[in-house]
Number of protein chains: 4
Amino acid sequence: MICQIDTNNGIPIYEQISRQVKFAIANGSLLVGEHVPSVREMATSAAVNVNTVARAYRDLQAQGVLVSIRGTGLAVASDAPEKCRRERLEMIRERLRYIMREAIQNGVTSEEIHSLVRSEWDALTGEPPP
Amino acid sequence: MICQIDTNNGIPIYEQISRQVKFAIANGSLLVGEHVPSVREMATSAAVNVNTVARAYRDLQAQGVLVSIRGTGLAVASDAPEKCRRERLEMIRERLRYIMREAIQNGVTSEEIHSLVRSEWDALTGEPPP
Amino acid sequence: MICQIDTNNGIPIYEQISRQVKFAIANGSLLVGEHVPSVREMATSAAVNVNTVARAYRDLQAQGVLVSIRGTGLAVASDAPEKCRRERLEMIRERLRYIMREAIQNGVTSEEIHSLVRSEWDALTGEPPP
Amino acid sequence: MICQIDTNNGIPIYEQISRQVKFAIANGSLLVGEHVPSVREMATSAAVNVNTVARAYRDLQAQGVLVSIRGTGLAVASDAPEKCRRERLEMIRERLRYIMREAIQNGVTSEEIHSLVRSEWDALTGEPPP
DNA sequence: GTGGTCTAGACCACG
DNA sequence: GTGGTCTAGACCACC
């Protein structure tokens with residue numbers, strides 16, 4: 001489990017980490033009971049500060065996604081996969097909502113939005129536009 | 001020209017102001033050469049501090065959207081409408097890109113994204129979902 | 001006597017006006033006893049605010065360059081030409097001093113300064129560089 | 001890196017700071033990747049308000065001279081030295097241009113200008129005039 | 001510890 | 001009346 005961090009997109013690093021952990025659990029890349037990388041390990045592999053990873057893990061524990069196993073580290077909670085799968089689209093939906101609210105307030109049409117979504121999707125996946 | 005400020009959405013107030021001014025210019029609500037509300041006026045109408053408005057206006061000057069007419073206030077620059085129209089979709093596109101990159105990295109399908117966009121649009125515009 | 005105003009160079013308009021009047025007197029374009037344009041006339045010809053011209057004229061009176069002739073306006077004082085000729089290079093020297101002080105503090109060489117002066121002069125006069 | 005502030009020369013403090021930082025980078029006194037003094041540190045060493053320093057640093061970020069490293073401070077951008085060196089003479093040239101334009105419009109000769117420059121240089125550097 | 005935001009209020013230059 | 005500068009101090013997010 002290696003996190004891709006973008007230090008320039010305005011999203012707090014600890015949040016990028018916790019989101020990626022949740023996505024990995026939803027994916028099945030991290031299984032129930034499996035240990036997440038130690039704080040130090042994750043910090044070096046993602047080239048971020050130790051405290052930042054600790055903060056992300058603390059949040060994930062508070063959400064019941066990770067549980068602490070005495071002496072050995074943090075592991076994926078038994079109900080985490082279900083929780084993360086449920087949350088998966090919600091996390092994305094929440095961000096979409098902010099963007100679209102602004103777009104709508106400023107006269108962007110449904111056409112324009114869908115076209116933007118389509119073209120960005122294609123650009124990112126390398127799919128040729130139809 | 002009255003700005004709607006949301007003090008709880010995490011976006012700095014000065015940025016909300018400058019974005020709304022740009023949108024107004026893109027819309028044609030503010031025409032070339034027209035004065036924007038004075039900092040004091042805008043500050044009271046938006047219920048924020050004078051300096052906060054001044055900061056937004058300063059940013060807009062730095063971007064060439066507003067020009068200062070000494071002693072009389074700030075006016076819309078002659079090339080601002082074009083600039084703002086170009087930027088309008090770009091601002092949205094940029095934010096969409098981050099979301100979609102995350103979605104793609106985590107196995108969300110094209111179907112799911114488009115469906116999310118459609119349902120959010122309908123929810124926000126009050127259109128009845130099919 | 002028509003003033004060329006540059007509203008974007010940071011120098012106050014009233015100061016541009018008073019300097020240009022002084023230069024005109026030093027030149028002989030304005031003679032002793034001759035009336036300067038009325039405040040309103042100058043304001044329209046230079047496309048600036050009436051108060052701004054009034055401020056410039058007030059400064060010039062305070063310096064003894066202009067004198068008020070009851071009921072008819074402002075005229076060039078009898079000792080103004082001498083005063084203005086004396087001041088002519090001083091006004092320029094004063095501004096040069098600020099620039100050069102900064103340049104020197106930051107390691108610009110005598111060579112570089114003279115070369116800049118020469119090239120700017122040539123560019124402005126259209127003289128071909130040697 | 002300590003800034004010399006002159007509160008009486010009409011140049012805004014934040015601009016004096018940002019100019020001196022740029023000069024320091026052009027000089028090589030500040031190297032790529034190196035941190036500039038924290039806003040609090042610079043504020044105390046220059047005896048100005050924290051916000052004033054913050055404003056200067058904000059401008060420098062907007063110009064791409066400094067980059068923010070989250071939680072750790074501001075560092076010199078990788079292309080800043082080149083940018084600052086290019087700008088160094090340009091800042092001086094721009095100011096010279098205004099002066100010389102006025103001088104030319106008012107019949108100052110090339111001789112007179114060069115002589116002024118020479119005498120000012122000598123006065124400022126303490127060199128004995130020939 | 002770092003920078004960033006916001007408020008409040010004073011003062012100035014300009015028109 | 002306008003914007004611009006500066007100060008002072010509070011609070012927050014991040015590392």
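Any value given below was found using the heavy atoms of this structure, including those in side chains, with hydrogens, waters and symmetry copies removed.
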In the structure I gave you, are the side-chain heavy atoms of [X] and [Y] within less than 4.5 Å of one another anywhere?
X: A:Leu74; Y: A:Gln61; answer: yes
X: D:Met1; Y: D:Val36; answer: no
X: D:Arg85; Y: D:Pro81; answer: yes

Can a side chain N or O of B:Gln61 be found less than 4.0 Å away from OP1 or OP2 on F:dG4? yes

Under 4.0 angstrom between D:Ser68 side-chain N/O and E:dG3 OP1 or OP2: no

Reading nucleotides 5-15 of chain E from 5' to 3' and marking B where a protein heavy atom lies under 4.0 Å of the base, S where only the sugar-phosphate is that close, and - otherwise, the string is BBBBB----BS

Sorted by chain and number, sequence neighbours left out, salt bridge (charged side-chain N to carboxylate O under 4.0 Å, His left out) with A:Glu41 holds for none

Just distance, no hydrogens or angles: give the donor-acceptor pairs under 3.5 Å from side chains in residues 45-60 of chain A, sequence neighbours left out.
residue: A:Ser45; atom: OG; partner: A:Met42; partner atom: O; Å: 3.3
residue: A:Asn49; atom: OD1; partner: A:Asn51; partner atom: N; Å: 2.7
residue: A:Asn49; atom: OD1; partner: A:Asn51; partner atom: ND2; Å: 3.4
residue: A:Arg55; atom: NH2; partner: A:Tyr14; partner atom: OH; Å: 3.1
residue: A:Tyr57; atom: OH; partner: A:Pro37; partner atom: O; Å: 2.8

Only pairs under 3.5 Å count here: list side-chain donor-acceptor contacts from residues 63-71 of chain D, not counting sequence neighbours, and write none if there are none.
residue: D:Gln63; atom: OE1; partner: D:Lys22; partner atom: NZ; Å: 2.8
residue: D:Arg70; atom: NH2; partner: A:Ile11; partner atom: O; Å: 3.0

When D:Arg19, D:Gln16, D:Gln20 are each screened for side chain to side chain donor-acceptor pair (under 3.5 Å) with C:Glu102, the one that passes is D:Arg19

Base-paired stretches in DNA chain F with three or more consecutive Watson-Crick or G-U pairs, both distances under 3.5 Å, amount to E:1-14 with F:1-14

Would you give me the side-chain donor-acceptor pairs under 3.5 Å for residues 91-99 of chain C, sequence neighbours excluded?
residue: C:Arg93; atom: NE; partner: C:Glu90; partner atom: OE1; Å: 3.4
residue: C:Arg93; atom: NE; partner: C:Glu90; partner atom: OE2; Å: 3.1
residue: C:Arg93; atom: NH1; partner: D:Ser119; partner atom: OG; Å: 3.3
residue: C:Arg93; atom: NH1; partner: D:Glu120; partner atom: OE2; Å: 3.0
residue: C:Arg95; atom: NH2; partner: C:Glu15; partner atom: OE2; Å: 3.0
residue: C:Arg97; atom: NH1; partner: D:Glu120; partner atom: OE1; Å: 3.2

When rounded to whole Å, the CD1 to P distance for the pair D:Ile17 and E:dG3 reads 13 Å

Here the distance between atom C1' of F:dC15 and atom NE2 of D:His35, to the nearest Å, is 11 Å

